[in-house]
Amino acid sequence: MDQKVRVTFGTKLGIIAATAGSAVGLGNIWRFPSQTAQDGGAIFVFVYLACVAFFGMPIVLAEFILGRAGKANSAGTYRNLAPGKKFHYFGYFAIIAAFLIMGFYMVVSGWTMEYLALSITGELGRTQDFAALFDQLRNSPGTQIFWMVVFMISTAGIVAFGVKKGIELASKLMMPLLLLVMIILCIRAVTLPGAGEGLTYLFAPNPENARSAGARILTDALGQSFFSLSVGMGCLMTYASYFGKDVRLAKTAGTMATLDTSVALLSGVMIFPAAFALTTDPGSMVETLKTGGPGLVFIAIPQLLQSLPAAQLWSIFFFLLLVLASLTSTISLLEVITAFVHEEVRVTLPKPIRLRKSSTENTVLHQEYRIARPFAVTVISAGVIFLGVLCSYSLGADTSLVIFGLNFFDFLDYITAKLMMPIGGIFISLFAGWYLDKKILAAELSNAGTIPLRFFKTYRFILRFVAPVGIAVVLVCGLIG
Ligand code: PHE
């Protein structure tokens, strides 16, 4: 294993940009606001924040601890920390989750590219019927696949350059730009006349919605918080394996979770006031917001943006924001699988060797090779595109791809965010709380005793009991409720 020579991120800013870049994504801008509208406004936000604080954040920290201590991809980390045991199978589970998430995430990322292109060419501004435009895109596999491939190539290009020159540099450039664009759009939204109504809708408790959502709020909030924090499937663990030994893990986890949660709330602040202030029919806008998903970002928002002065500029801003947010997330997803393939998989190839100079005969020896990053990235990307094609067909052109009553796209979204990530979270907290040597846990949290170790007992208690039991209860209640 790479233990001694493992590359590390170069700077603290790079680490924050990369981890927050993974967390901040379509989940924040595309999913959070509509989940909130659907599940009762402030009531959902409250449950969501509780899930972040009690389950999400402690497990983010646990992934950081395991990743830095194990110094490998998500399977190798378990093998290093628990030699001879079978825990690394859980690393495989994480790789599968990353692959499945990428399958549907890439489709939406492709749409963001198409809409950015439509904004730049001005075509979006000439559109009359936004729902029809989006429908047309969903029924044009060719266009979707084209943009998905463009997005995949951009992601792969960054990851192929490796941790420092690829992931870190790209995140450091893109994250500040993303925050800037977001703040500009938020200011624009809240200064629109009539914006207050939207904010009230978003943040005031709406018991009626909450009641009709029932126990589903719990699984929705739990799934949303895990998906948004990128936690529970080895992504942060892989990134943490590139942390230097002076990185303060608890502080980094706190900063990352705060940034992610702030961006989610800010997306609500951007989208809801705009929706309410600019629509002529608040009732139907509420319905569109509630149905969420694609409708929100690709139908409601472009329509709203067009009614602003300098519409073209705002829509370029908005879709650029989406492209950047999703790119910093897709690189983290791809890195989980790439690190695994690069470090774990070996190919044995024949290597002809002439034993004596004078001899004309070759002896064939077999040599083991690692799979180089660029090659690994290419093969994985091809697999992701295949999955993405199935997803995009299942949404529009081919409605026969249905599993358990969900189309393939929604199915992948459901099993990863609502099931695999929380289950992964339970496992990580149990492993870090019960199996991992207490001394390793303490050494990682205190950077080998160089910084004070605070709340250690409480944290370990959360890992051992609060998080695993709480998540299990929420999952079971949500599923049967
Ligand atoms: N957190 C990302 C988002 O909110 C999605 C993601 C999930 C990224 C899991 C990496 C791992 O969009």
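Both counts, for ligands and for their atoms, begin at 1 and track the order of listing. Since this is a predicted model, take the numbers as computed values, not measurements.
- Listed by number with element, the atoms of ligand 1 under 4.0 Å from a non-hydrogen atom of Ser329 are 2 (C).
- Within the listing of ligand 1, atoms 2 (C), 3 (C), 5 (C), 12 (O) sit less than 4.0 angstrom from a heavy atom of Tyr105.
- No close placement of the Phe93 and Phe427 rings is indicated, their centers lying 6.0 Å or farther apart.
- For the pair Phe227 and ligand 1, the shortest N or O to N or O distance falls below 3.5 Å.
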**Request:** For Thr11 and Glu168, run side chain to side chain donor-acceptor pair (under 3.5 Å): C-alpha distance rounded to whole Å, both residues' side-chain angles, the deciding distance at 0.1 Å, then the answer.
**Result:** CA-CA 9 Å; Thr11 61; Glu168 181 172 357; 3.1 Å; yes
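- Here is the list of ligand 1 atoms found below 4.0 Å of a heavy atom in Ser332: 10 (C).
- The contact set between ligand 1 and Met233, taken as ligand atoms under 4.0 Å from a residue heavy atom, comprises 9 (C), 11 (C).
- Residue Cys235 has no nitrogen or oxygen atom sitting less than 3.5 Å from a nitrogen or oxygen atom of ligand 1, judged on distance alone.
- Rounding to the nearest 0.5 Å gives a distance of 8.5 Å between CZ of Phe409 and CZ of Arg138.
- Heavy atoms from both the backbone and the side chain of Ser22 come within less than 4.0 Å of ligand 1.
- For ligand 1, the atoms sitting less than 4.0 Å from at least one non-hydrogen atom of Gly27 are 3 (C), 4 (O), 12 (O), numbered in the order shown with element in parentheses.
- Those atoms of ligand 1 that come under 4.0 Å of a heavy atom in Ser228, given as number and element, are 1 (N), 4 (O).
- Taking all heavy atoms of Ala325, Ser230, Ala417 into account, the minimum distance to atom 8 (C) of ligand 1 is reached by Ser230.
- Numbered from 1 in the order shown, with element, the atoms of ligand 1 that lie under 4.0 Å from a heavy atom of Ala23 read 1 (N), 2 (C), 3 (C), 4 (O).
- Under the 4.5 Å side-chain criterion, counting only non-hydrogen atoms from C-beta, Tyr459 is in contact with Ile65.
- Under a 4.0 Å N-O distance rule, the pair Asp413/Lys418 does not qualify as a salt bridge.
- Less than 6.0 angstrom separates the ring centroid of Tyr239 from the ring centroid of Phe9.
- One finds the OG atom of Ser326 at 9.5 Å from the CE atom of Met174 (value rounded to the nearest 0.5 Å).
- Between Met148 and the options Met106, Met113, Glu114, a side chain to side chain contact (heavy atoms under 4.5 Å, CB included) holds for only Met106.
- Atoms of ligand 1 found under 4.0 Å from any heavy atom of Met421 (numbered from 1 in listed order, with element): 9 (C).
- Taking distance alone, with nitrogen or oxygen atoms compared against 3.5 Å, Leu229 stays at or beyond that limit from ligand 1.
- Expressed to the nearest 0.5 Å, how far OH of Tyr89 lies from OH of Tyr78 amounts to 15.0 Å.
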